[in-house]
Asker: 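Encoded as structure tokens, here's the structure I'll be asking about.
Note that ligands are numbered from 1 as they come in the structure, with each ligand's atoms numbered from 1 the same way.
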Amino acid sequence: MKVLLGTTNPGKLQEILALLGDVPGLEWVNPKELGLPEVRETGATLEENARLKAQTLAQWSGLAALAEDSGLEVEALDGAPGVHTATFAGTRDPQANIARLLRLLEGAPNRRARFRAVACLALPEGSLWTSEGLVEGHIAEAPRGSGGFGYDPVFIPEGETRTLAEMTLEEKNRVSHRGKAVMGLRLILAELGQRGESPKGYNSRPKGLW
Ligand code: ITT
């Protein structure tokens with residue numbers, strides 16, 4: 001069965017395929033391969049945007065679609081940048097985003113932050129599964145490491161001394177918000193792969209999902 005992996009972010013794509021690429025019976029395709037345009041993220045929350053992306057792509061393509069929306073929530077900034085994480089500095093430039101974040105946190109005693117991800121799997125006939133993942137941590141004083149993407153060079157997960165950019169992809173996936181959110185959908189994807197097609201009216205939700 002073909003599943004559309006609805007992201008334009010190569011870092012996300014790589015991480016998600018490392019977690020789900022081996023599910024038997026699934027063939028992964030991306031929106032670019034199908035010539036599909038980008039879905040505009042007009043939702044007010046990560047949940048709304050993840051649902052919007054997955055449902056729109058499932059409708060456009062007629063395939064099962066998996067999408068994910070994620071963001072960084074910084075305590076000292078009252079949860080910002082949250083849903084605006086990708087364009088925090090006005091563009092999508094990760095270096096500018098990091099620079100703005102470090103400037104705002106200069107001298108801040110509380111550098112606690114969390115990454116949150118919401119992953120949605122939608123079938124063209126309307127079924128939808130949602131799974132959320134969270135990683136707690138803090139913002140480093142300066143960027144370190146060259147792995148990952150986005151804010152990884154300044155995010156240190158709880159219990160770690162390394163930033164996410166200093167970890168391997170496998171290490172990051174084990175602790176990350178995305179790893180947890182995406183693995184919450186693995187069971188249902190495995191069932192779909194086993195059946196070989198998107199069954200009509202398939203509405204059951206595996207335990208742990210909402
Ligand atoms: P898609 O919507 O096409 O999936 P995107 O990059 O626009 O790609 P989001 O709208 O979900 O994705 O934006 C999330 C932003 O949050 C992302 O661009 C990064 O700046 C940041 N982010 C999310 N997960 C991250 C991670 O694991 N490491 C570092 N930064 C991350």
Asker: Hey, which of K172, R178, R162 is the one that makes salt bridge (Lys or Arg N to Asp or Glu O under 4.0 Å) with D152?
Answerer: K172
Asker: Using links of under 4.5 Å between side-chain heavy atoms of ILVMFWY residues, direct or through other members, which residues join L104 in one cluster?
Answerer: L72, V74, L77, F88, I98, L101, L102, L105, F115, V135, I139, Y151, V154, F155, L164, M167, V175
Asker: So, for A117 and A181, which heavy atoms are closest and what is the spacing to 0.1 Å?
Answerer: O-CB, 3.7 Å
Asker: Do the side chain of R186 and the main chain of L19 share a donor and acceptor less than 3.5 angstrom apart?
Answerer: yes
Asker: I'd like the residue list for ligand 1, meaning every protein residue with a non-hydrogen atom under 4.0 Å from the ligand.
Answerer: T7, T8, N9, K12, E41, K53, E68, D69, S70, T85, A86, R92, F115, F149, G150, Y151, D152, K172, H177, R178
Asker: Side-chain donor-acceptor pairs under 3.5 Å in residues 55-65, sequence neighbours left out?
Answerer:
from: T56; atom 1: OG1; to: L52; atom 2: O; distance (Å): 2.6
from: S61; atom 1: OG; to: L57; atom 2: O; distance (Å): 2.7
from: S61; atom 1: OG; to: L63; atom 2: N; distance (Å): 3.1

Asker: Who are the side chain to side chain contact (heavy atoms under 4.5 Å, CB included) partners of R144, not counting sequence neighbours?
Answerer: I156, T163, E166
